[in-house]
Amino acid sequence: MRIIKSEEISNAVKNLIIHSSVNLPDDTYNGLKTAFGQEISEQGKTVLNKILLNAEIAKNESKPLCQDTGLAVFFVEIGKEVAVEDKNITNAINEGTRLGYSEGFLRKSTCDPLSRKNIGDNTPAIIHYEFTDGEKIKIMYAAKGGGSENMSALKMMRPSDGKDGIIDFAVETMRSAGPNPCPPNIVGIGIGGNFERSAILAKKSLFRKLNEPNADPELAEMEKIIFEKINNIGTGPMGFGGVCTVLGVHITKEPCHIASMPVALNVECHSHRHSEIIL
């Protein structure tokens with residue numbers, strides 16, 4: 001059995017948070033550059049140019065990409081032959097979250113849902129665990145901003161709604177969202193599982209790289225159709241009009257109950273801050 005000290009996990013989480021807050025991932029940056037080349041709206045091109053400039057300033061001056069530094073969301077894969085020493089892994093990740101948001105001078109956004117009193121250290125982090133073979137721990141992190149999260153949706157669809165119903169749901173959700181989720185967006189769609197599982201699938205699908213094709217041909221075709229339909233809405237970059245409303249659509253599916261077809265859509269803003277590490 002391999003042993004990892006909790007301090008190692010906390011430090012890794014701290015570094016993931018600080019790095020992600022100022023460095024836009026290459027696939028997202030390149031996706032924005034591609035969008036700039038494809039956009040036909042002059043206002044839309046101006047917005048995309050400023051988004052790219054903002055990313056370069058953030059990287060060069062080590063400043064946050066956005067004032068909304070998000071809630072800390074983690075997907076953690078734990079091998080069956082590894083154990084954490086000292087603190088349990090949840091406490092270790094929360095400690096890393098406290099350190100990352102404090103030492104990175106990042107805005108703390110977690111509050112009590114009713115009193116709205118700020119918790120003060122951006123905990124508790126939202127953590128999803130999966131158990132795997134091996135002796136490693138994979139930690140995937142995303143800083144999830146409130147504007148895009150608020151435009152996400154979940155619908156318990158009828159099985160008879162089929163693929164056309166899913167496509168219509170995704171397109172109409174993004175049409176209603178308009179400029180609120182800070183487009184151009186990345187859209188994650190989870191199909192199947194149950195009520196809560198579909199939402200987790202939708203969010204995890206956002207970690208797939210923008211230029212990485214879906215391994216399932218049927219889902220790849222649906223992604224292409226939804227991508228084109230949303231970009232034909234005309235919302236454009238930050239709602240200023242144009243053909244670049246989304247940079248990518250990622251779909252994941254799992255089996256579900258024969259009477260159900262849960263579909264969740266998780267929206268990510270153009271500041272798609274995410275990174276991962278394997279310990």
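Below, each value reflects all heavy atoms present in this structure, side chains not excepted, and no hydrogens, waters or symmetry copies.
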Separation between [atom1] of [X] and [atom2] of [Y], rounded to the nearest 0.5 Å:
X	Y	atom1	atom2	answer
Asp86	Glu8	CG	CD	11.5 Å
Ser198	Ile191	OG	CD1	10.0 Å
Leu201	Glu196	CG	CD	10.5 Å
Asp164	Met222	CG	CE	8.5 Å
Arg158	Ser260	CZ	OG	13.0 Å
Ile189	Thr252	CD1	OG1	9.5 Å

Given side chains that start at C-beta, do those of [X] and [Y] come closer than 4.5 Å, heavy atoms only?
X	Y	answer
Asn266	Glu149	yes
Ser109	Asp68	yes
Ile166	Met261	yes
Met156	Phe195	yes
Lys50	Thr46	yes
Asn214	Arg208	yes
His270	Met238	yes
Thr97	Phe74	yes

If we ignore hydrogens and angles and just use 3.5 Å, is the side chain of [X] paired with the main-chain N or O of [Y] as donor and acceptor?
X	Y	result
Thr235	Gly178	no
Ser205	His250	yes
Ser21	Ile18	yes
Asn150	Gly147	no
Lys5	Glu85	no
Tyr101	Thr69	yes
Asn15	Asn11	yes
Ser41	Gly241	yes

Please give me the minimum heavy-atom distance between [X] and [Y], naming the atom from each residue.
X	Y	result
Phe169	Ala153	CZ-CB, 3.9 Å
Gly145	Ser148	O-OG, 3.5 Å
Thr28	Leu210	CA-CD1, 3.8 Å
Glu39	Val243	OE2-N, 2.9 Å
Cys256	Gly193	CB-O, 3.2 Å
Pro181	Val267	CB-CG1, 3.7 Å

Test applied, side chain to side chain contact (heavy atoms under 4.5 Å, CB included); reference residue, [X]; option that passes from [options]:
X	options	value
Val82	Ile89, Ile137, Ile3	Ile137
Val13	Asn94, Val76, Ile93	Ile93
Pro184	Val246, Leu32, Thr245	Leu32

Shared ILVMFWY cluster between [X] and [Y], side chains joined below 4.5 angstrom?
X	Y	answer
Leu279	Tyr141	yes
Val187	Leu154	no
Leu71	Ile127	no
Ile186	Leu24	yes
Ile9	Ile17	yes

Worksheet item: Can you check salt bridge (Lys or Arg N to Asp or Glu O under 4.0 Å) on Glu56 and Lys59, steps first, answer last?
Response: CA-CA 5 Å; Glu56 291 162 7; Lys59 181 178 181 179; over 6 Å; no

Fill in: Worked verdict on Leu16 versus Ile139 for side-chain contact (heavy atoms from CB on, under 4.5 Å)
CA-CA 9 Å; Leu16 279 179; Ile139 302 174; 4.0 Å; yes

Discussion item. Please evaluate residues Glu95 and Glu7 with respect to the criterion side-chain contact (heavy atoms from CB on, under 4.5 Å), reporting the C-alpha separation (whole Å), side-chain torsions for both, the decisive distance (0.1 Å), and the verdict.
Written reply: CA-CA 9 Å; Glu95 177 62 16; Glu7 185 179 9; over 6 Å; no

Charged N to carboxylate O below 4.0 Å: is that the case for [X] and [Y]?
X	Y	value
Glu130	Lys204	yes
Glu172	Arg175	yes
Lys144	Glu268	yes
Lys163	Glu221	no
Lys108	Asp121	no
Lys253	Asp216	yes

Please determine whether the number of non-hydrogen atoms from other residues, nucleotides or ligands lying under 6.0 Å from atom [atom1] of [X] exceeds 12.
X	atom1	result
Arg2	CZ	yes
Tyr129	OH	yes
Asp26	CG	no
Phe207	CZ	yes
Glu254	CD	yes

Fill in: Aromatic plane relationship, His272 with His274 - under 30° parallel, 30 to 60° tilted, over 60° perpendicular
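The rings of His274 and His272 sit tilted, inter-plane angle from 30° to 60°.
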
Item to complete: Determine, step by step, whether Asn23 and His19 satisfy the side chain to side chain donor-acceptor pair (under 3.5 Å) criterion, reporting the C-alpha distance in whole Å, the side-chain angles of both residues, the deciding distance to 0.1 Å, and the verdict.
Response: CA-CA 6 Å; Asn23 293 285; His19 176 83; 3.2 Å; yes

Fill in: Residue pair Thr132 / Lys136, side-chain donor-acceptor N/O under 3.5 Å
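Checked: Thr132/Lys136 side chains show no N/O donor-acceptor pair below 3.5 Å.
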
Item to complete: For side-chain contact (heavy atoms from CB on, under 4.5 Å), just list the numbers for Glu276 and Phe75, CA-CA rounded to whole Å, side-chain angles, deciding distance to a tenth of an Å, and then say yes or no.
Response: CA-CA 9 Å; Glu276 62 186 57; Phe75 285 88; over 6 Å; no

Worksheet entry | side-chain contact (heavy atoms from CB on, under 4.5 Å) assessment of Ile251 paired with Ile226 | CA-CA 10 Å; Ile251 303 177; Ile226 294 170; 4.1 Å; yes

